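Here's the structure, in structure tokens; my notes come after.
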Amino acid sequence: MKLSSGTLRLIIPAVSLALLLAAVFYMQPRAMSYTGLNLLFNLAVPIALATVAQMLIMAVNDLDLSMGTFVSFCACVTATFLQASPAMGVLIFLGAIAAYAAMGMIIHVRELPSIVVTLGMSFFWGGLAVLMLPSPGGEAPGWVRWLMTSKPPFVPMAIVASVVIAAVTHFLIMRSSFGVLIRGVGGNFRSVERAGWSVIRIRAATYALAALFAVLSGIALVGLTTSADANIALRYTLLSIAGVILGGGEFVGGRVSPIGAVIGALTLALAGSFLSFMRISPDWQIGAQGAILIVVLALRLFLNRLERREKIQ
Amino acid sequence: MTFGAVKALDGVDLTIHAGECVGLVGHNGAGKSTIVNVINGSLTPHAGTVSYGGNAGQHGISVARANGIRCVFQELSLCPNLTVSENVRIMHGDLKGWNWRSRALALIKAQLKEIFPGHNIDCDSTIDDLSIAERQMVEIAISFAGIGQRPKLIILDEPTSSLDAGLAAQLMAYVRRFVAEGGSVLLISHILGEILSTSDRIVVMKDGRVVADRMAFEFNSRSLVEAMGSVVREREWQRSTAMKAGSPVLSMSPRRGHGLAFEAYRGEIVGLAGLGGHGQTEALLELYLSRNSNWWAARRRETAFVAGDRSLNGAFALWSILKNLSITSLGELSSRGMIDRGREDRLGEDWKKRIEIRTPDMQNRILSLSGGNQQKVLFARALATAAGIVLMDDPMRGVDVGTKQEVYEILRTEATSGRTFVWYSTEMDEIRLCDRVYVFREGAIVAELVGDDITEKHILAASFSEGKAA
Amino acid sequence: MNAPRLLLSKPWIWSFVATITVWIITVLFTGGASSLGLSQAALTFAAFSVIVGIGQMFVITLGPGNIDLSVPATMTLSGTLALKLMDVQDSMIVVGLLLSVLLGTVLGIGNYALIKLLRIPPIIATLSMSFIVQSTAIWANRGLRIKPPEVLASFTTSSLFGIPNVAIVALALSAIAWLLLEKSIYGRWISAIGQSTFAARMTGIPVDGTRLVTYMLCAVLASICGYLLASFSGGAALNMGAEYLLMSIAVVVIGGTAVAGGNSNIPGIWGASLFMFLVVSMLNTYGFGAGFRLILTGLIIIAVILMAGGRQSTR
């Protein structure tokens, strides 16, 4: 049977996650339990949501360097406004989503490099977050806290949530008409234009959808940590990019995979636990993450080469 | 209509009736692609009208689409990251609703089966996973497919360029069926056999005019080639006499494993002819890149390259004329890596005089020059080096006649003094200036013409294959 | 074209106009009491941004997609290792500097090797690299905070004729960079590559070689900056490079270097670096907090790109 490139793209992330999980269980059998799994994947939910958001931006050949500060901003809104006066909080979120849509339109109309525009925006969101919460504080709204700490039977919340996120985004991006258009813009925007679609509207909608997922990421994060601060999710910019790449996505050409992205995020979350089980000193944990990234990329290059050779023959 | 500075179409009157297949042939620059773009709405004519089904006035891509006009382009225009059925969704905006995926799948499957019976394309796989031929098949099928109403006119621009003979025959047979059911097709191809056997009527274009418009049975492949050619113009060009002296300065084994090998000797002007896009540019790039390291600067430059598409790969838009001119000669203008401005200025003044770049100041931006003068700068860029071999990638596209004559003069003197030129040109007049010509077809060299054999007739005969595609 | 017009057409002039405006406003607000101190502080802190900014500018000049995210990690590692090697001995100052330069060279080669071998965009290659470098720095930084050698510490913190020594170093490096950019073959090459990589290749420019050198140059400058910053602040800290990631990119963009590549200028980096520092101190004197400062920075960057983007609409 011939594997499609989409399936092939999913295999590597899935296998790496499985191997990593097996290694963790081998070293720490106690992790193979409800609480163990919950602990292992606890922080995966917000990372997965942020990764999906980044993936949407990457699907239209852009990159969002403000993801981390934006999720931090959303977390701060959740811990302050959304908790104190929900209506106000929702309004702020709607405004932020509109800002993202506008940003997408500006990038498209002026043909600006998304890296630099989002870099500027990262200062902006960071500033707003600091204004709201100059020092760590705030409180998670009760329902968010309840949702994130609830204990469904048999399977921990983190895993249930990840599966739900993967399923919803897979439907949205891989199955729906809208998803086809998003990926079409990434693949060959000229032919989308030629077929009579408005590329600027598609781009704006993509950015808005990405912002929605980033908002959810911020809310989920506060649900886990109970409080927020302005720097709570700065790492997410890099983590989300790495997650998309680990999950088989590519920077250009609209080649993304939502399931892969969620798996990539899980892998990143697990890698931290794995490295500590390996008794790799905390000093080297970040470095090991970098090394994992490089190894996965090298592996993918190798597989792509094999595939191409097959095609030529 | 006028196209940029050059008049691309001149008094063309083309009517395509329902239920007929019109073949359109002509050599490079005859105006084939311009006419396609006018019909499909990408270009608006400066004068004259386009009317679809009798309604004139409105014009544009969406109007053309609404009138049932579809176009299969030479360069593939699918989204490579999407599956076949997803591409159908993008091309057909009215495939809405919940069940669009299965409806798109059914539509494309039926259409593919109708055109190419016995194909085994998996319509759930991404375009990336398909071979070039399969991609072309899918694109053709998407264009012919219609929801509700079928398309009225399909423009096929070299549709069989990557199909094998069997598939090409299937497509041509389908075109006949489509036409019999009342559709119209405008067929452009370099394979005369296809044109002759499939078309009802053949339109021959040359230099932006229609030179023949007759029923297909009135042509055979000889008369078709003759119609594409023009009255032989006398040329006052003295070819150099000492040919193939010594060992070749440049050589390349046969391309794509068949055809002739390429060789060039000192002091020769070697022409690369054939229809555009049949591998000439690729051959030039290969010749050039294999001789220039990507890591180290060469101490002595052996080859120089003159780009054809100025905006894409020639001029550096942010720079002055002088910087654009001197970029390849920097090694000779500097000591210890630092550029000697005085020497650079002298070089600029020298070449400004020699090739008459019309500018008050060499420090002006390159984009302040007219197209022809920009091209002269690119020529000077290559000629200012000590390189013995100059590769030229159709550099005269869109250059005015006066400039052309000046450049031809320079080429002549430079060749006499021992430089070798390899010249890909889409213009017959330029090819006839060469000492020796290689004709390309489908990526390989299919003919070598020397001296007085270099005639339009011979080149056309070699560029258009007689029968089916290889 | 007359002189003032010529001056106004330079892309860097605006960052200086803005800098002087902000300086005057701040000095007026404080009644002129702090003008000398403010200027010296501005020059000192701008110097560090300038050094990393120049390296980043060379990389950005190479065209869209080229960016070096490993700058902060490189700074941290260089500062840490150099201080460790020098071990408070004045005799080792030069050796420490050499180590920094060597480290930068190696990291630059590593960055480009990843870009080339794995065929990944520079942004992700330098990001992976920075993870590893950062880890090495954490590992090397364990134990006591090592002080810089006495002479070096006093050199970096004192001034010559009222101009901070680090600013003089940055000025010297800027002069060299300016020579490279404006007068050398290398400068022409990176500008050509930034405008069109393919066209550059077709004029015979060794594209890969030039890009490799550029990434090396950026890493070396980041290393030197780390060395100086660690000596200036009395020891290496793990987060000492953190703010320079965005800063290095921001000063390049605000300074008028084309984000699309091919066009760069050194004076603008000075203007932008001084401006960034002065905005902070101005907002501080007015009693605004970090929040407003960040929001303003972001808005400035976006405004600058919007203006610059309009100027080169020829693309």
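Every chain is numbered from 1, with letters handed out A, B, ... down the list of sequences. Remember, predicted model here, so these are calculated numbers, not experimental data.
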Using every non-hydrogen atom in the two residues, find where B/I90 and A/G184 come nearest and quote the distance to one decimal.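 Shortest heavy-atom separation between B/I90 and A/G184 comes out as CD1-CA, 3.8 Å.
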Shortest non-hydrogen separation from A/S177 to B/W100 and the atoms involved
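Shortest heavy-atom separation between A/S177 and B/W100 comes out as OG-NE1, 3.2 Å.
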- Please say whether more than 12 non-hydrogen atoms of neighbouring residues, nucleotides or ligands are located less than 6.0 Å from CE in A/M105.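 No, the 6.0 Å shell around CE holds no more than 12 heavy atoms from other groups.
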Take a 6.0 Å sphere around CZ of B/R103 and say whether it holds more than 12 heavy atoms from other residues, nucleotides or ligands.
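For B/R103, atom CZ is crowded (more than 12 foreign heavy atoms under 6.0 Å).
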Can you tell me how far [atom2] of [Y] sits from [atom1] of [X], rounded to the nearest 0.5 angstrom?
X: B/L82; Y: A/I182; atom1: CG; atom2: CD1; result: 11.5 Å
X: A/R255; Y: B/T126; atom1: CZ; atom2: OG1; result: 8.0 Å
X: B/M91; Y: A/S191; atom1: CE; atom2: OG; result: 4.0 Å

- If we only count heavy atoms from C-beta on, is the A/L181 to B/R89 side-chain gap below 4.5 Å?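 Result no, sub-4.5 Å side-chain heavy-atom pair not found.
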**Student check: side-chain heavy atoms of B/C79 and A/R183 closer than 4.5 Å** =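 Side-chain contact under 4.5 Å: no.
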**chain A contact via B/R101 - which portion, at a heavy-atom distance below 4.5 Å** =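 Only the side chain of B/R101 comes within 4.5 Å of chain A.
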Engaged part of A/R175 at the chain B interface, taking heavy atoms whose separation is under 4.5 Å: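 Contact with chain B is through both the backbone and side chain of A/R175.
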